[in-house]
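Contents: one structure, followed by commentary.
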Amino acid sequence: MSNRFDSKEVFKERFKLEVSEMYGRNFEETSSIERYQVLGHMIRDYVGINWRETKNAIKKKETKQLYYFSMEFLMGRLFTNNLMNLGLYDVVKEGLEDLGMDINEMEEMESDAGLGNGGLGRLAACFMDSLASLNLAGHGNCIRYRYGLFKQKIENKRQVELPDCWLKYGNVWEVWKPQHSVEVKFGGSVDLYMDHMGKFHTNHNPDFVVRAVPYDEPIVGYHTKTTNTLRLWDAEIDEASVNSGQLNKYLNDVMAITANVYPDDSTAEGKKLRLKQEYFFVCAGIDQIIRSHLQVYPTLDNLPEKVAIQLNDTHPVLVIPELMRVLMDDYNYEWDDAWRIVTGTVAYTNHTVMAEALEKWPQDTVRSLLPRINMIIEEINRRFQFEVDHKGLLHIWNNVAIIKEGQVHMAHLAIVGSHSVNGVAKLHSQILVDDVMKEFAVLYPERFNNKTNGITHRRWLLYSNPQLTSLLEDTIGDSFKTNPEDLEKLMDYVDDPIIQNRFMEVKHQRKQILADYVKKTLDIDVDVNSIFDCQAKRLHAYKRQLLNIFCVMHLYFRMKSEPNFRIYPRTFFFSAKAAPSYELAKEIIKLINFVAEKVNNDPETNSFLKVVFIPNYSVSVAEILLNAADVSEQISTAGKEASGTGNMKYMMNGALTLGTLDGANVEIVERVGQENAQIFGLHVEDINELKHQNSYNVWDFYNSNYNVRRIVDSLANGTWSSNHDEFRLIYNDLMLRNDEFFVLADFDSYVYAQSQVEQRYRDRGRWARTMLINIAKSGYFSSDRTIKEYADEIWHLTPISFED
Ligand SMILES: *Cc1c(COP(=O)(O)O)cnc(C)c1O
C-alpha cells in the first residue's frame, strides 16, 4: 500500500520526497510545472490499486462489459475531478497549503483534453464518469490525437485558429502500453481461395500497415473502487512495413492518422484521412476486445452476453463489418453465426437528423482503402436487400439501401447491423421514427428507443459550483450527491424568502467570478447586477446565434431612437467556435464582435447593454460561464437540435431556459412547467407545414416588419462596419437563400420572449423561485439516470462486485 497517502502528513512527506527524487534537486528549487507532474503521477499511481482490483473483479465474476466507441472524448481537465472522486481533495489542498502552494495553481497547470468538437464528445466524457460512479464496467475507445480541436483567438474581431498543443507537458494520467499494440492494415488487395473442405478464405495483402499503440487513462468513479479505462490509440510505424526509399512518405502517413480531431461535427468530411482514422481506432479496439474476451472465455459464441459495444454516432460504424471480418476470417465463423454475434453486441446512437450531417462515403474510397471491409459491406447490403424483398417491401429499398449511387450510407449500415438504435431526446427519437428513419422503423420497430442525454452532476454542479453545492447541502442534506433526483427536496423551500435570498447571493458570487475572468482576460467591465444572458455552444446556423445578436441589435436601435425606452441592464455573453471551413459561421462571430465593439463603446447605452464574446469555448470555459448565467439561450430551429446538453448544465445551476421547443428543452419544460421557462417560436409541426406548403418567404417579413428591415439593412449600410460587404454572406444566406433556419420568422416571438424575461427578472422573489425550481427539477438530467437506462435496457450490465 506504499502509494497511498490518506493523511495530510503522509502526503506532504511523499510529495516532497518524490519531487526531489524525480528532479534530483531540493523541493524548494523545483518549478510549479515540475511539481504538477509529480503530483499528477502520484494521483494516478494512487488509483493503480483500484484499477487492478477492478480488472480482477471483472474477470473473476465474469462481469459483462461495455465498450463505448467514440471518435471524440471532450474530457476537459481531470485533476480536480479525480481528487474529488477519490475523496482526496482536502488532503491534497491542505498539504499543499502547508508547503506554501495553492491547489488552484496546480489545477490551472493542466491542459484541457479537448479531443472533441462539442456536445457529442462531452456526452462521451460525462458517460465515462457516470459508468464508473455507478460501478458499471464501461470503457472508452478513441484516438490519442496529438492536437486537440484548435484553440480559438479573436483577432481584429475575427476567429483565428491556433494549434491546441495539449500534450506540450505530457499527460500525467496516461499509461503507455506498447506490449498491447495492434497491426492495422490498409489498402492493397484481397485474394479469395477455397480450402480442401470447400470453405472460402481470404488473404489480405495490404499496402500500408501501422501499429496502433494504446495509452490508457484510469476513469475514477465517485467514492467507489471502480476504476475503468479510457483507451486512446496512437499510431506508430510498423518496422516490417517500411519500404526503403519511401520512408518519409510512410512516416508522414502514419503521423497524419493521429494528428488532429476533425474540426467539424456537422458535415460529413469528404476526406480519406477521416475514414482512415475511423478504421484505425475501430480495428484496434475490436482486436483488444477479442483478445481480452478469449483470455477469460474459450469461445466468442458468448460475446453478446459478455460484451456490449455502443457506437457514438456513425463515426465508429465500421465496427460492424470489422467484427464480421474478424469472426469469419480469423475465427472461422459462418456468416449467419457471425451476424448473430455482431448484431447482438452492437448498438447505435444517432445524434443528428440533418441530412448533410448523415455520414456517407464514396464506395470507391472504401474499396481502395479497406478492400476486405468493402466486400463485407457489399454482402451485408446484398443480404439486407434480400430480406427487404422477402418482406414484400422492395418499394422502400431506395430509402434504406446501405449502398446507393456509389455511396455507403453509414447510418443505414449502423441500423441494419445493430440490435438497438436510439435518439438522444424524446422529440429527436420521435422524429427518427416518424420521419428521418421511418422505413427502418417499419422494418425493425423493436430496435428504436430513446435515451435522453444527461450530464454528470459531479463536474457540472459539485465541482464547478462549490458555492451552490454547499448551500444545497445546508438546505437539503447531501443525498443529492449520490442520488441527484433528491434535488427535488429543494421544492420544499422554493417559497422561503430566506432561502431565496441565499441562492441569489450564491448566483451573485458566480457572476462575480465570471466578471473577474472577463476583466482579467478581455479587460471588459461587466455589471454583475445586470442580467447575465448566455449562449455558449458551437457556432452553427441552426443554433441561431444570429437570432440572438439580431435581438441585441434591435434593442440597441430602439434605445438610440426612443429616449424613453431603456431595458433592464443586460450582458449578453457569447462563446463559440466555428469550424475553420464554415465561412458563414465565422462571419457570424465577426458580426457579434462588430456589434459588441459599437454597443459597448456607446456611452448612451452601455450601462444597459453589453456584449461579451469569450474566446475559446471549452470545458474549462464552460465551467465558469454556465453557472454564472441567469438566462440560458437554447434557441435552435425546432426539430434541428437533437438534444443539447448545455441546456441541462445551465438548468442545474439555476438559469431560466429561454428556448424553442426543440431537443431536450421539451423535457426541461415538461419538468419545470411552462411558467418556469420562457418558450417561444415555431414548433416542429409549424415548420414542417411551412416547408410542405412552400409558403415561407423571407421577403414578406422584411417588407412588413420595420424592426426586421432595420436590422437586415444595417448589415450592409455601414452601421457596424464601414465595409458594406463585411456581412454579405449573412445577408445573402438570409435574403437570397430564403432563411433556411427561420430566423426572421421567429424574430418577433423571440423579442417578445426577451421582454418577458426582463419582466420576470424585475421581480426578484419570483425569479429566485424559478431558479430554485429549475435546480430542484434538474436531477433527471444527470447522466447517471441516462446511463442506468442504457445499462438496463440496451447493455444489460450489472454492477461490478468486489466481494470474494
Ligand atoms: C456541454 C458542452 C457543449 C454542448 O453544448 P450544447 O449547448 O448542447 O450544444 C459543447 N461544448 C462544450 C465545451 C460543452 O461543455
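Note that ligands are numbered from 1 as they come in the structure, with each ligand's atoms numbered from 1 the same way. The figures that follow rest on heavy atoms only: side chains count, while hydrogens, waters and symmetry mates do not. Predicted model only: the values in this text are computed from it and were never measured.
Residue contacts with ligand 1: Q634 is placed with no nitrogen or oxygen under 3.5 Å of a nitrogen or oxygen of the ligand (distance criterion only). At least one N or O atom of K543, backbone or side chain, sits closer than 3.5 Å to an N or O atom of ligand 1. Remark: ligand 1 and G644 share no N or O pair separated by less than 3.5 Å (distance only, no angle test). Remark: ligand 1 and K537 share an N or O pair separated by less than 3.5 Å (distance only, no angle test). Ligand 1 has no nitrogen or oxygen under 3.5 angstrom from a nitrogen or oxygen of N117.
Side-chain contact between R146 and L167 is present, with heavy atoms from C-beta onward closer than 4.5 Å.
Ranking the protein heavy atoms by distance from atom 8 (O) of ligand 1 puts T645 N, 2.8 Å first. Annotation: atom 5 (O) of ligand 1 to nearest protein heavy atom, G646 N, 3.8 Å. For atom 11 (N) of ligand 1, the nearest protein heavy atom (residue, atom name, distance) is Y617 CE2, 3.4 Å. Closest protein heavy atom to atom 2 (C) of ligand 1: K649 NZ, 2.5 Å.
Contact annotation for S618 and ligand 1: only backbone heavy atoms (N, CA, C, O) come within less than 4.0 Å of the ligand. At a heavy-atom distance under 4.0 Å, no atom of Y650 approaches ligand 1.
Under the 3.5 Å distance criterion, with hydrogens and angles disregarded, a donor-acceptor pair is assigned to the side chains of T571 and S530.
Evaluation of the side-chain hydrogen bond (donor to acceptor under 3.5 Å, both in side chains) rule for S111 yields no partner, not counting sequence neighbours. Applying the salt bridge (charged side-chain N to carboxylate O under 4.0 Å, His left out) test to K537 and every residue at least two apart in sequence or in another chain returns nothing.
Looking at D686, its side chain does come within 3.5 Å of a backbone N or O of H683 through a donor-acceptor pair.
Checked options H554, Q678, E633; the residue passing with Y750 is E633 (criterion: side chain to side chain donor-acceptor pair (under 3.5 Å)).
Ion pair R77/E107 not flagged as a salt bridge, since none of the NZ, NE, NH1 or NH2 atoms sits closer than 4.0 Å to an Asp/Glu carboxylate oxygen.
Per-residue contacts place G118 under 4.0 angstrom from the following atoms of ligand 1 (heavy atoms of the residue considered): 10 (C), 11 (N). Less than 4.0 angstrom separates some heavy atom of W460 from each of these atoms of ligand 1: 15 (O).
Taking the ring centroids of Y68 and F127, they lie under the 6.0 Å cut-off.
Nearest heavy-atom pair, N350 versus V424, reported as atom, atom and distance to 0.1 Å: O-CG1, 3.8 Å.
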